[in-house]
Amino acid sequence: ESSLEDIIKGLPGTIIFSENALDEGKRKLLVQFDETQILEVTFYIQQGIVRNLIVSVYGNTIVPEVFTQYFEKNKFTHTLALAEDNKVQIYYCFSSPNGKASFYSRNFSTLPFDGMKENYVPDVQVQIKELVGRLSEATHGLVILHGPVGTGKTHLVKALLSEINKNRTGVICSPPSEFLAVPSLLSQAVLEIDRPIVIMEDAGEMFQQDSKSRFQDQFSNLANYTDGLMSLMSEAIFLLTFNYDIRDIDKALIRNGRCIANIEVPRLPMEQASKLAGHELKGDGDYSLADLYAMKESRIAIAKPQTNK
């Protein structure tokens, strides 16, 4: 354990900017190594002791070896990207061998929802637009995206992160069951990033009615962070995706006050699927986005099986 003053003295490079936010337990610095290399360093402080730091890199800067050695010496977390224009920064959080949460960040190209809304039924389009406004204003809560495999839930997550990029930061916690089972790990993931939207994909199995006894700790921790006392400790919103039927999910998750949005992402009806495919599809029934992408790549018209009479 080291004081902030001791840690800063040992920091490689020249400090060119310092922003104090000690009331929030943070201090942010810009550190320059030469004319082109600048890193952003955010210290996280508890009771005067530096517990962790996160380093973000501007542009294509490569973290100097001396800084890597500094990370290892102090056993701090570090990341290797900073959001740029037309880019969205997202963190990947995982459990390191010492049992602490570690973060790495990457950027992806902005994916505005308006440019992809035709991939979804009108009801989903309306709900996503409403959700964007709620995510900017809400201080805590839960968002659920559910539907069959291949209907574009992951693309929706990317679009949501693009739309709220200035207000919230995505944090992917994987595997979800591990983070939700260990409160200390979950706390690090939630508290060390400003206004996070914590993403847990394919998490439906834990919250089915018949699985509650096996995942009681996970359920309790999620409930506490989305609408319990722990929700007062951070402005975290949890986003779960799963392929299970919503009717099998514990009703406590989707009650008013906890659940900001519960959005079903269904397969596309024939007419809308034909429009996206660019030609009339044969047969009757519906299609997933995965079906349509596969068809475009293979250029083979996918037809629903016909019953021989």
Side-chain angles (χ1 to χ4, degrees), residues 90-95 101 113 120 123-124 127-128 130-132 134-136 138-164 167-183 185-191 193 195-228 230-231 234-266:
I90 187 169
Y91 287 88
Y92 170 62
C93 185
F94 62 96
S95 177
F113 182 65
Y120 302 92
D123 189 47
V124 170
Q127 290 183 78
I128 292 297
E130 293 176 348
L131 177 58
V132 169
R134 294 176 192 167
L135 290 177
S136 299
T139 57
H140 60 270
L142 175 66
V143 174
I144 296 176
L145 299 179
H146 65 97
V149 174
T151 53
K153 296 184 291 295
T154 298
H155 278 82
L156 271 183
V157 173
K158 293 177 68 174
L160 282 171
L161 292 176
S162 299
E163 296 290 343
I164 62 173
N167 296 303
R168 288 195 171 274
T169 302
V171 181
I172 301 172
C173 291
S174 183
S177 57
E178 181 177 2
F179 278 85
L180 289 172
V182 183
L185 196 62
L186 184 60
S187 294
Q188 293 177 62
V190 169
L191 298 176
I193 304 294
R195 292 174 57 79
I197 180 163
V198 182
I199 302 161
M200 296 185 170
E201 291 193 286
D202 300 324
E205 181 184 3
M206 290 185 287
F207 305 113
Q208 288 184 290
Q209 291 280 7
D210 58 5
S211 300
K212 191 171 181 179
S213 60
R214 291 188 294 126
F215 296 102
Q216 184 61 52
D217 289 343
Q218 286 89 337
F219 181 90
S220 297
N221 288 326
L222 179 64
N224 202 5
Y225 270 97
T226 52
D227 194 34
M230 287 305 295
S231 68
S234 90
E235 294 191 24
I237 289 176
F238 284 71
L239 191 159
L240 305 185
T241 72
F242 52 83
N243 305 320
Y244 289 85
D245 191 322
I246 192 66
R247 291 173 295 183
D248 296 331
I249 300 300
D250 194 298
K251 298 302 184 289
L253 285 182
I254 56 177
R255 68 170 175 78
N256 291 334
R258 168 172 291 129
C259 191
I260 299 172
N262 172 23
I263 301 175
E264 179 182 6
V265 187

Would a 4.5 Å heavy-atom cut-off, applied to side chains only, mark T241 and L239 as touching? yes

Quick check: closest heavy atoms across N167 and R195, and the distance to 0.1 Å? O-NE, 2.9 Å

So P196 and Y91, do their side chains get closer than 4.5 Å, heavy atoms only? no

Between the OG1 atom in T154 and the CD atom in E201, the distance rounded to the nearest 0.5 Å is 4.0 Å

Between Q127 and L131, does the side-chain contact (heavy atoms from CB on, under 4.5 Å) criterion hold? Intermediate values first, please. CA-CA 6 Å; Q127 290 183 78; L131 177 58; over 6 Å; no

Mind listing the closest non-hydrogen atom pair of R134 and A261 along with its distance? NH1-CB, 4.2 Å

When rounded to the nearest 0.5 Å, the distance separating CG of N262 from CG of N256 is 10.5 Å

On a heavy-atom basis, which atom in G152 and which in Y120 lie closest, and how many Å separate them? O-OH, 2.6 Å

Closest contact, heavy atoms only, A101 versus Q188: N-OE1, 3.0 Å

For I199 and G170, the nearest pair of non-hydrogen atoms, with its separation, is CD1-CA, 4.3 Å

Backbone N/O of G228 and side chain of S231: donor-acceptor pair under 3.5 Å: yes

Between the CZ atom in F94 and the SG atom in C173, the distance rounded to the nearest 0.5 Å is 11.5 Å

What's the separation between atom CG in L253 and atom CD1 in I144, rounded to the nearest 0.5 Å? 5.5 Å

Under the rule for salt bridge (charged side-chain N to carboxylate O under 4.0 Å, His left out), what residues qualify as partners of D202, not counting sequence neighbours? none

Checking T226, L222, L145 against L240 for side-chain contact (heavy atoms from CB on, under 4.5 Å), the one that qualifies is L222

Measure from the side-chain N and O atoms of R168 to the backbone N and O of L135, and report whether any donor-acceptor pair falls under 3.5 Å. yes

Tell me if a side-chain donor or acceptor on K153 pairs with a main-chain N or O of V265 at a distance below 3.5 Å. no

Side chains of S187 and Y225, donor plus acceptor under 3.5 Å: yes

Do L156 and F113 have side-chain heavy atoms sitting under 4.5 Å apart? yes

Once rounded to the nearest 0.5 Å, what's the spacing between atom NZ of K251 and atom SG of C259? 12.0 Å

Report yes or no: does E163 contribute a side-chain atom to a donor-acceptor pair with the main-chain N or O of V132 at less than 3.5 Å? no

If you apply the rule side-chain contact (heavy atoms from CB on, under 4.5 Å), what do you find for S174 with Y92, and how did you get there? CA-CA 8 Å; S174 183; Y92 170 62; 3.8 Å; yes

Nearest heavy-atom approach of A203 to F242 is N-CB, 4.2 Å

Taking R258 for its side chain and G141 for its backbone only, find out whether a donor-acceptor pair lies under 3.5 Å. no

Quick check against the 3.5 Å criterion: does N221 have a side-chain atom that pairs as donor or acceptor with the backbone of L180? yes

Taking atom NE2 of H146 and atom CD1 of I254, what is their separation to the nearest 0.5 Å? 8.0 Å

